[in-house]
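First comes the structure, then the notes that go with it.
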Amino acid sequence: MKLSRFYIAIPALLLASALSLQAQSETDAFRLSQTGLAGSARYQALAGAFTALGGDLSAIAYNPAATAVFHNSEFLYTMNVNSRNVNAQWFDRESTNKKSGFHSGQVGIVASFFDRSSDNSFNFAFNMNQSYLYNRGVSIASGRPTDYSLADYTAACTPDGMAKDDFWPRNGYDPYNTPASWLAVLGYQSGWTSAKQDAYGPYYASAYEYYDQSQGKYLPYGPANSKLQFSESGCSRNYDFSFGFNFKDLIYTGFSLKYVTTSMRYQSEYNESFPFNDYLNLRNQLFTRGDGFAFSVGMIGRPTDGLRLGFALESPTFYRLTDRFDAAGSSRYSQGVDKDGKLLPEKEWYYDAQTPQNAYYVYNLMTPMKASLGIAYTYKNYGLISLDYSVTPYSMMHLSDDEGPLSSDNNAISKHYLAAHTFRAGVEVKPISRLAIRLGYMVQSAPSKDIDAMGKTNSEGGSIVAVSGTIPHFEMKRGISAVTCGLGGYITKRFYTDLALVWSDQKSKVYTFPTIYNNSGNAVITAPEAINLHQRDFTATLSLGIKF
């Protein structure tokens with residue numbers, strides 16, 4: 001059925017908070033700050049509960065005191081197969097996307113200089129961990145009408161005083177180099193929005209107006225159906241160069257310098273359909289690449305023979321990143337009329353536009369720091385139990401470029417993001433000396449506030465979440481949990497192998513565009529209902545190690 005409504009003009013003062021002009025936003029900062037349960041098979045099988053244990057190359061990335069625990073030099077290589085299942089639900093429609101792949105998840109070496117006469121040692125280690133994997137896709141349609149279109153949102157982000165001619169390039173003038181957002185320029189060039197006039201002056205509104213018999217006039221319509229498709233690929237990797245000192249197997253200390261790389265490709269396509277086969281299309285492509293550095297310090301103490309206590313502090317990662325991006329928009333609107341009230345000819349129904357090619361933006365991201373505490377108990381050679389707690393204050397994320405801090409994005413980060421609390425537990429039992437059986441569990445709290453709670457506390461007007469460039473879609477993730485298990489054992493005196501199985505689960509909400517509020521906190525452009533995502537991962541990991 002057709003769905004119509006009255007247009008509500010949006011004050012120009014809301015524009016600054018409705019859309020970030022840069023190529024990144026608060027949600028992009030979080031996406032690039034994520035880490036996962038990654039590393040060696042033993043590390044994963046115990047759910048990463050290694051702050052107080054050490055003795056594993058992957059543990060060095062989280063507590064460099066782990067370097068000091070080794071009594072022998074070791075080399076370790078890890079490979080894994082990951083299967084990712086993303087279930088999407090939008091209104092009463094559902095879809096499922098599955099992706100899988102083989103990855104080299106870890107490689108490292110530790111050189112141990114252990115003096116058995118004094119029980120002291122100086123150790124050095126290098127380790128590479130694949131810390132996060134971007135590999136998923138979503139495709140789903142609403143299957144029903146919604147009140148507002150992306151055209152309404154784009155019109156609300158368009159400056160009222162901008163002349164129609166200023167949306168088009170001319171000698172010495174580029175509309176993409178003005179205070180207007182790229183989405184506003186692309187939307188007008190693509191035919192989504194049109195210029196209007198009322199008693200208060202000029203403004204921009206959705207172009208999708210249809211004649212309403214009950215009202216006897218043309219009214220803006222929301223789309224009869226909407227469809228969103230997006231995909232992510234790429235990964236982040238940590239390269240740790242660490243040093244550890246062991247004092248008589250009582251106190252272990254460590255320091256690590258971390259080099260971090262990230263490469264992520266995001267592609268999306270969004271479509272809306274209207275009466276008379278009219279449509280709106282938006283395609284986006286974003287490629288982010290960069291590197292950075294961080295450092296960490298840690299300590300493990302053994303107050304008794306079996307008890308171990310651990311502490312680690314990891315600095316923020318200081319990234320230098322480059323976004324390369326482009327977007328294209330198109331439309332069909334068949335109900336436009338000329339000054340005499342006659343329908344326009346068919347050749348004027350269609351619009352196509354594209355943003356400048358080879359556009360890029362260079363900026364800096366400071367990820368949050370991380371603090372970890374751990375306690376573990378090892379019972380001779382029969383087994384162990386380990387518990388970890390860590391906190392990651394995502395509200396500390398900070399964006400800047402060569403001109404200084406990106407204040408609006410950083411303010412949004414501090415308001416919307418929280419400290420994520422992570423609890424890990426691992427148990428290892430050795431029924432025989434050469435075989436270990438392992439179980440683990442990990443749970444992490446939500447890194448951000450619920451978006452509905454954000455709306456209730458809004459008092460400044462504008463959109464609650466500032467999106468970036470020409471990408472109006474955004475995702476808010478909830479907590480994550482994982483169940484793990486594994487086996488490990490020595491094949492020879494020096495050669496060993498470990499196997500881990502990990503099942504993880506995380507939910508999130510994706511919005512096709514943000515809701516916009518007035519100064520009283522009332523919604524004036526309402527986003528469609530969120531797309532609910534449920535991501536389930538299964539990872540099988542194999543590690544091969546040798547002592548020398």
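Predicted model only: the values in this text are computed from it and were never measured. The residues of the chain are indexed from 1 along the displayed sequence.
- The only option from Asp402, Asp291, Asp401 that meets the salt bridge (charged side-chain N to carboxylate O under 4.0 Å, His left out) definition with Arg320 turns out to be Asp402.
- Look at Arg478 and Asp505 and you find no salt bridge, because none of the NZ, NE, NH1 or NH2 atoms lies under 4.0 Å from a carboxylate O.
- Proximity of the aromatic rings of Phe75 and Phe548 is defined here by a centroid distance below 6.0 angstrom, and this criterion is not met.
- The stretch residues 294-320 participates, sequence neighbours left out, in these ring-ring contact (aromatic ring centres under 6.0 Å, His included) pairs: Phe293-Phe318.
- Counting heavy atoms from C-beta on, the side chains of Glu403 and Tyr363 never come closer than 4.5 Å.
- A distance-only check finds no donor-acceptor pair linking the side chain of Trp503 to the backbone of Ser481 [under 3.5 Å].
- Within 6.0 Å of the CG atom in Asn358, the count of heavy atoms belonging to other residues, nucleotides or ligands does not exceed 12.
- For the pair Thr67 (side chain) and Gly254 (backbone), a donor-acceptor distance under 3.5 Å is absent.
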Report the C-alpha distance between Leu542 and Thr497 in whole Å, list the side-chain angles of each, state the deciding distance to 0.1 Å, and finish with yes or no for side chain to side chain contact (heavy atoms under 4.5 Å, CB included).
CA-CA 7 Å; Leu542 177 67; Thr497 183; 3.4 Å; yes

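- A pairwise comparison of heavy atoms in His421 and Ala419 identifies CD2-O, 3.4 Å as the closest pair.
- The main-chain N or O of Gly310 is never found under 3.5 Å from a side-chain atom of Asn63 such that the two would form a donor-acceptor pair.
- A donor-acceptor pair under 3.5 Å is absent between the side-chain atoms of Tyr259 and the main chain of Phe241, judged by distance alone.
- Of the possible donor and acceptor atoms, one in the side chain of Thr484 sits under 3.5 Å from a partner among the backbone N and O of Ala45.
- Using a distance-only test at 3.5 Å, with no hydrogens or angles considered, no donor-acceptor pair links the side chain of Asp56 to the main chain of Ala66.
- In this structure, Tyr441 and Ala482 approach most closely via the heavy-atom pair CD1-O, 3.2 Å.
- Every residue meeting the side chain to side chain contact (heavy atoms under 4.5 Å, CB included) condition with Glu475, not counting sequence neighbours, appears here in chain and number order: Arg136, Lys477, Ser508, Val510, Leu533.
- Residue pairs meeting the salt bridge (charged side-chain N to carboxylate O under 4.0 Å, His left out) criterion with at least one partner in residues 246-267, sequence neighbours excluded, are Asp240-Lys258.
- Both tests do not hold together for Arg42 against Tyr496: distance to the six-membered ring centre under 6.0 Å, angle to the ring axis within 45°.
- Counting only distance, with no hydrogens or angles, the side chain of Asn85 and the backbone of Lys98 share no donor-acceptor pair below 3.5 Å.
- Between Asn80 and Gln106 there is no side-chain heavy-atom pair separated by less than 4.5 Å.
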Test ring pair (Phe, Tyr, Trp, His ring centres under 6.0 Å) applied to Phe230 and His473, step by step
CA-CA 10 Å; Phe230 71 85; His473 329 302; 8.2 Å; no

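- Checked against the 6.0 Å centroid threshold, Tyr62 and Tyr43 count as a close aromatic pair.
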